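Structure record follows, encoded as structure tokens.
Letters A, B, ... mirror the listed sequences (proteins, then strands); counts begin at 1. Keep in mind that what you see is a predicted model, and the values were worked out from it rather than measured. Just the heavy atoms: all of them, side chains too, but no hydrogens, waters or symmetry mates, feed the values below.
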There are 2 protein chains.
Amino acid sequence: MTEMPPGAGRNTRQRAEVRALLEESDEFRSAQRLHADLRSRSVPIGLTTVYRTLQALVEAGEIDSMRLPNGEQLFRRCSRTRHHHLICRLCARTVEVTGPTVEVWADRTAARHGFTDINHTLEIFGICAVCAGSNR
Amino acid sequence: MTEMPPGAGRNTRQRAEVRALLEESDEFRSAQRLHADLRSRSVPIGLTTVYRTLQALVEAGEIDSMRLPNGEQLFRRCSRTRHHHLICRLCARTVEVTGPTVEVWADRTAARHGFTDINHTLEIFGICAVCAGSNR
DNA sequence: ATGGATGCAAATATTTTGCATTTTG
DNA sequence: CAAAATGCAAAATATTTGCATCCAT
């Protein structure tokens, strides 16, 4: 029998396609971008469904999400490698960097305050070399 | 002579009021919230101006900004005390916590990638005790 | 068959922009 | 006085929801 991944509803073509696309990379991508990519491959799917699917996947803990300074929400399959982000304040270019072990501290701190279902984010904002250059 | 804070344009009543309000607390607040607070004190200012002022202050490096998981953009005066946030995913309640020294690592990492004018944010998202309780 | 899933269009929510008017330096 | 700032209304973005139809189970 074929097992269905738990916590993300029924098995539909669209949902499978979104999952498959997310599996192809561990980069953060926006809903709009994912939708465009699917459509460009002739996968029939509406933007609404992409949003609803991503939301379901986030709630099911299958994927992570974060936001750029400009407000765009990004999604990626859960990555077990602990990397954080270096984000350019001006052009929003992001660089993934591996960081120190903040996790242990984060978990303890959260627990101490009665918080559960923890998930943390460490972002470093700055101005990238390109933007700094074109500015002077 | 009265010195004007640098990098944030001309000295207007509105800009001064926004700055003053930000100085009153180091909590993260939304543009809408700041606007409402100013209006409730009979400060004449439009929402547009609040947005434009906050944007200018962020660019001038006078204030920090971040986003909640729901997409709301929040602002606070730059705090030199290294505290981070524990934020409830459901009710958005935030608890300030003092953390480990991530700063050194953050600065080095950024520099290594050519990023300048660094500023970092460490947020822990989770579900607070209250929300966890009302959920069961 | 039947309840969840889909997708279009319309609704929200938030932030940005055009432009005439006011204010600062 | 000239340039910059303000604020209203309208525009632009991103995401969500109503609802009729479709499809997985």
Fill in: Heavy-atom protein contacts under 4.0 Å, nucleotides 6-16 of chain C, coded B base, S sugar-phosphate only, - none
BBBB----SBB

Worksheet item: Which of these, B:E23, B:E27, B:E62, sits in a salt bridge (charged side-chain N to carboxylate O under 4.0 Å, His left out) with B:R77?
Response: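 When salt bridge (charged side-chain N to carboxylate O under 4.0 Å, His left out) is applied between B:R77 and each of B:E23, B:E27, B:E62, only B:E23 qualifies.
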
Worksheet item: Between D:dC1 atom C1' and B:R10 atom CZ, what is the distance in whole Å?
Response: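 So the two atoms are 11 Å apart, to the nearest Å.
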
Worksheet entry | Salt-bridge present (B:D26, B:R76; N to O < 4.0 Å) |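 Answer for the salt bridge query: no.
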
Worksheet entry | Reported CG-to-CZ distance for the pair B:L57 and B:R15, which is rounded to 0.5 angstrom |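 Rounded to the nearest 0.5 Å, the CG-CZ separation comes out at 7.0 Å.
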
Discussion item. Could you check, using the six-membered ring where one of them is a Trp, whether A:F28 and A:H85 have ring centers closer than 6.0 angstrom?
Written reply: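 Yes, close enough.
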
Practice prompt. Kindly write out the residues that satisfy side-chain hydrogen bond (donor to acceptor under 3.5 Å, both in side chains) with B:E24, not counting sequence neighbours, or none if the list is empty.
Written response: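 B:R41.
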
